[in-house]
Amino acid sequence: MNEALLRELTPSVLGVLVRRGADFAAAEDAVQDALVEAVRSWPSDPPRDPKGWLVTVAWRRFLDAARSDAARRRREFPPEEPPPVPETDDTLQLYFLCAHPSLTPSSAVALTLRAVGGLTTRQIAQAYLVPEATMAQRISRAKRTVSAVRFDRPGDVGTVLRVLYLVFNEGYSGDVDLAAEAIRLTRALRRAVDHPEVDGLLALMLLHHARRAARTTSDGSLVPLAAQDRARWDTALIAEGVEILQGALTSDRLGEFQAQAAIAALHADAPTAEETDWVQIVEWYDELTRLTDSPVVRLNRAVAVGEADGPRAGLAALAQVDATVPRFAAVEAHLRERSGDLTTAARLYAEAAAKAPNLPERDHLLRQAARLNNRRPDG
Amino acid sequence: MAKYLLLKHYRGAPAPVNDVPMDQWTPEEVTAHVRFMKEWEARAQAAGEFVDVGVLAPEGTFVRYDGEGRPPVTDGPFAETKDLIAGFYVIDVDSYARALELAGDLSAAPGQGGEPIHEWLELRPYYGAPTTINE
């Protein structure tokens, strides 16, 4: 029994049922039934066309369930003889549905992992560190929300990409690697739609994922980019990310994911931290600022300016940034330290630690503050 | 997708409006209060936002290492959480605004006379999961 194959087929089978007019929640139940049936019967009787088999069985289950409902509802359902399985990829519609703007971000993420990713509710709950009952409720509410959504209108690729990026950025806990899952789903999306920002997001994910092993020590402590052991970066993933990015850039339809991937590529491309092309990185941040005008981007740009033109220029760039942006104090601390103002830097590192969004980051910033507070007077 | 601890305080904050100890309520008022808490919990559960609840017994002991062979300190001139904290909820919500909304709802639990007790709830964010990207 090939579980990976079943998971690959799940979204397109679900897509077919919904396209034929099945209610989303009922379709999902029917597909789950068909999967259980497949696990039972395929080992002794493997189908020639696994997807066709699943669609047939799931559709029959759906009709059975529908028939057992009230006669009033029965009349509303399409004829029993289903149209042949179309060759078009219904998976794309499913991505749009699961990322529908009527859903909250956490609901969209959960539904995407369930319906498109084929993960179990338990796996998703573990990944997000909430009880299984809570995740089950989140998913069933999401299903109800999109049940009223018409399935024949094209959705917005940008919304889908934001949901996938949320999955990727959630970090990693539980036995499901959400970063790897986000990459898998983005690869599948890329097969279904030709859009440079899909390429941009996939490239960005691959380039970040390539550096993952070097980003933390075995005990979970954070290793800043400049201190990372570049030998531990995954060169195959970097090469793939760069190639996908270059293909996207030739389309001349720049978007924020392509610009972010370009910055990640410049980091990945540097043999040592000192050889990083910070001047080009600043130029990409200028593009990103133009595309998004996000304060987070402006903050990151100040870091890049500090590396390209020195800490004074970095502080000048920082002065243009809203000081309430997360990690502002951490960036200012770094720039103050490099400009020689160690007392202010130590105070700012401590302030940044108190505002850190997660423990590894807090511990890292506390160590920075402690390092400066314990320096010898002559050091 | 942010977790918060919702801490139910007895004291340590300005007195709630309906500040009558529970043992002075009528049994029906106690029942109404308990039902409200259960219903709040069920709503958070149905919204996919419920993580955990803990109702703490009114006992507490302070313990600390005081050197080899020395007894632990079991009381002291400290404010004790048994005086301050009745229990807690953990919620997982999309935004700080939503966390405020849920806490506000919970603070409206009925007390004596069926009127909201306006209880103070302390809302504290959890540290998040380390993001994949942090450089």
Side-chain angles (χ1 to χ4, degrees), chain A residues 103-110 125 127-131 133-142 165-174 177-179 182 204-205 207-209 211-212 214-216 220 222-228 260 264 267 300 303 327 356-362 364, chain B residues 1-8 12-13 34-56 86-106 109 121-135:
Chain A
L103 296 168
T104 62
S106 56
S107 299
V109 160
Y128 286 96
L129 300 173
V130 300
T134 294
M135 191 50 78
Q137 288 290 354
R138 207 175 282 177
I139 290 168
S140 62
R141 277 170 70 91
Y165 198 40
L166 275 179
V167 173
F168 183 76
N169 270 317
E170 190 55 32
Y172 15 93
S173 56
D177 183 339
L178 287 179
L204 177 64
M205 288 176 175
L207 287 162
H208 280 308
H209 206 56
R211 301 204 292 265
R212 175 158 134 179
R215 201 174 283 128
T216 48
L222 204 146
V223 183
L225 180 57
Q228 285 172 20
Q260 283 193 57
H267 283 303
N300 288 330
V303 176
R327 300 188 172 94
N358 59 66
L359 280 176
E361 209 168 309
R362 183 201 68 170
H364 172 75
Chain B
M1 288 184 287
K3 290 195 180 66
Y4 288 88
L5 173 69
L6 239 160
L7 220 45
K8 287 170 62 64
V34 171
R35 189 192 309 125
F36 179 95
M37 304 309 284
K38 290 280 178 207
E39 285 169 0
W40 183 90
E41 199 178 308
R43 282 198 300 276
Q45 176 72 261
E49 295 173 323
F50 177 82
V51 178
D52 199 7
V53 58
V55 184
L56 302 177
F88 61 86
Y89 288 96
V90 178
I91 53 175
D92 186 21
V93 291
D94 269 308
S95 66
Y96 175 63
R98 176 64 183 152
L100 285 182
E101 192 181 356
L102 279 174
D105 286 349
L106 189 59
L121 291 154
E122 189 180 356
L123 196 58
R124 296 195 59 190
Y126 273 46
Y127 278 118
T131 50
T132 305
I133 298 157
N134 47 25
E135 58 219 10

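In what follows, every chain begins at residue 1, and chains take the letters A, B, ... in the order their sequences are listed.
When heavy atoms are compared at a cutoff of 4.5 Å, A/L166 approaches chain B solely by way of its side chain, counted from C-beta outward. Interface remark: B/A47 contributes backbone and side-chain atoms alike to the contact with chain A (heavy atom separation under 4.5 Å). Interface remark: A/P357 contributes backbone atoms only to the contact with chain B (heavy atom separation under 4.5 Å).
Atom NZ in B/K3 sits 4.5 Å away from atom CG in A/L129 (nearest 0.5 Å). Distance CG/B/D52 to OG1/A/T134: 9.5 Å, rounded to 0.5 Å.
Sparse packing is recorded around CZ of B/R124, with 12 or fewer heavy atoms of other residues, nucleotides or ligands lying under 6.0 Å away. Under a cut-off of 6.0 angstrom, the local environment of OH in B/Y127 is crowded, with over 12 non-hydrogen atoms contributed by other residues, nucleotides or ligands.
Residue with the most contacts toward chain A among B/A44, B/G128, B/A46: B/A46 (heavy-atom pairs, distance under 4.5 Å).
When all heavy atoms of B/F50 and A/P131 are compared, the pair lying nearest together is O-CD, 3.7 Å.
Counting only heavy atoms from C-beta outward, the side chains of A/R138 and B/D92 approach each other to under 4.5 Å.
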